[in-house]
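Computed over heavy atoms, backbone and side chain alike; hydrogens, waters and symmetry mates excluded.
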Amino acid sequence: MKTSPKRHHAVRLTATGTVALAILSSSGCTAEQPRNEPRQRISVSQVNRYTDLDQMQRDSSAVVVADAVDSTTATHDRIPITKTSAKIRKVLAGSVPESTVNVEQLGTDKVDSPDTSRLMKSGETYLLYLSKDSGKEDGEDFVITGGDGIYVLQGHRYVYRGGPPTGPGKSLPTELPADETEKKVTSQQQQ
């Protein structure tokens, strides 16, 4: 396998914390990729990872249960993103302007972003902690709070799909009971 020099593009984003990231590109091959097609990877250094669900809820514009409908990919300031349309089932805390919102995540199906949340998949149901996308004018675009506020529904539990822990210490729960979690978020909203 032959590799070429890496290209770095540094960017600072603000969405509940400052994030520095680099897009790395190298030639090579993987099982899923033709030999001469470059593979890109987004590397993110996050200043703050959430370790407390209550704090993440306080920092979010809304907490919702939503179904991922479909996704598109684009670039924003040369950074590859996936925008997933999510149909709201329940608003547990905060508010959203419409019954469908757009959730933007770093990376695409062709550009890996292992330091951030896993991409949403169409047909899956999610518990989402959402923040307004500060770079957008319209009210339908959101990002996942801190890159951590995403859980996928599996049976009667939510399973964590946020970014990996960044060192020793406490991290968010890997699983949450669905009904109990929804009631807790709703009750905290009413306080």
Side-chain angles (χ1 to χ4, degrees), residues 15-17 19 30-32 41-42 44 46 48-73 80-96 98-131 133 140-190:
T16 313
V19 178
T30 65
E32 304 83 33
R41 177 177 183 251
I42 299 174
V44 177
Q46 188 154 351
N48 182 17
R49 282 238 103 95
Y50 281 94
T51 58
D52 179 79
L53 288 170
D54 296 339
Q55 183 62 50
M56 190 165 57
Q57 180 175 339
R58 285 190 295 275
D59 291 346
S60 298
S61 302
V63 181
V64 301
V65 176
D67 297 323
V69 180
D70 59 15
S71 297
T72 58
T73 59
I81 62 166
T82 298
K83 184 184 279 193
T84 303
S85 175
K87 184 168 176 46
I88 304 297
R89 280 187 177 196
K90 299 178 196 174
V91 177
L92 303 174
S95 64
V96 293
E98 304 288 333
S99 61
T100 300
V101 296
N102 297 315
V103 180
E104 293 186 354
Q105 295 177 273
L106 291 176
T108 68
D109 58 347
K110 294 184 173 127
V111 180
D112 299 328
S113 183
D115 301 322
T116 61
S117 62
R118 295 182 206 153
L119 295 176
M120 296 171 68
K121 294 181 182 176
S122 296
E124 299 279 354
T125 300
Y126 293 89
L127 171 66
L128 299 170
Y129 291 75
L130 300 173
S131 295
D133 185 344
E140 295 178 7
D141 289 340
F142 290 86
V143 294
I144 295 167
T145 302
D148 296 323
I150 180 171
Y151 286 80
V152 66
L153 183 62
Q154 293 181 352
H156 297 289
R157 61 193 169 93
Y158 288 111
V159 178
Y160 183 69
R161 291 292 181 256
T166 55
K170 187 178 172 189
S171 59
L172 291 173
T174 57
E175 292 187 8
L176 300 167
D179 290 340
E180 184 180 314
T181 301
E182 290 177 18
K183 287 177 188 171
K184 181 179 179 188
V185 170
T186 303
S187 71
Q188 287 177 334
Q189 168 70 16
Q190 295 170 350

Work out which heavy atom in [X] is nearest to a heavy atom in [Y]; give both atom names and the distance.
{"X": "Gly147", "Y": "Ser117", "value": "O-CB, 3.3 Å"}
{"X": "Val159", "Y": "Arg157", "value": "CG2-NH1, 3.2 Å"}
{"X": "Val96", "Y": "Ala62", "value": "CG1-CB, 3.8 Å"}
{"X": "Ser71", "Y": "Ser122", "value": "N-OG, 4.3 Å"}
{"X": "Asn102", "Y": "Ser85", "value": "OD1-CA, 4.0 Å"}
{"X": "Thr51", "Y": "Leu172", "value": "C-CD2, 3.7 Å"}

Thr181 vs Leu53, side chain to side chain contact (heavy atoms under 4.5 Å, CB included): CA-CA, chis, key distance, verdict: CA-CA 10 Å; Thr181 301; Leu53 288 170; 5.7 Å; no

Residues, nucleotides or ligands: over 12 heavy atoms within 6.0 Å of Gln55 CD: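 Yes, enclosed.
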
Test side chain to side chain contact (heavy atoms under 4.5 Å, CB included) applied to Tyr129 and Asp148, step by step: CA-CA 8 Å; Tyr129 291 75; Asp148 296 323; over 6 Å; no

[X] vs [Y] side-chain heavy atoms within contact, under 4.5 Å:
{"X": "Lys184", "Y": "Asp54", "answer": "yes"}
{"X": "Ile150", "Y": "Met120", "answer": "yes"}
{"X": "Thr186", "Y": "Lys90", "answer": "no"}
{"X": "Lys83", "Y": "Asp141", "answer": "yes"}
{"X": "Tyr126", "Y": "Lys121", "answer": "yes"}
{"X": "Leu128", "Y": "Phe142", "answer": "no"}

Could you tell me whether the side chain of [X] and the main chain of [Y] form a donor-acceptor pair under 3.5 Å?
{"X": "Thr100", "Y": "Lys87", "value": "no"}
{"X": "Glu182", "Y": "Leu92", "value": "no"}
{"X": "Asp112", "Y": "Pro114", "value": "no"}

Donor on one side chain, acceptor on other, Gln105 and Thr116, under 3.5 Å: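 No, because no side-chain N or O of Gln105 sits under 3.5 Å from a partner of the opposite role on Thr116.
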
[atom2] on [Y] to [atom1] on [X], rounded to 0.5 Å:
{"X": "Thr125", "Y": "Gln154", "atom1": "OG1", "atom2": "CD", "value": "11.0 Å"}
{"X": "Ile81", "Y": "Ser113", "atom1": "CD1", "atom2": "OG", "value": "12.0 Å"}
{"X": "Arg161", "Y": "Tyr151", "atom1": "CZ", "atom2": "OH", "value": "11.0 Å"}

Derivation of the side chain to side chain contact (heavy atoms under 4.5 Å, CB included) call for Ser131 and Thr145: CA-CA 5 Å; Ser131 295; Thr145 302; 2.8 Å; yes

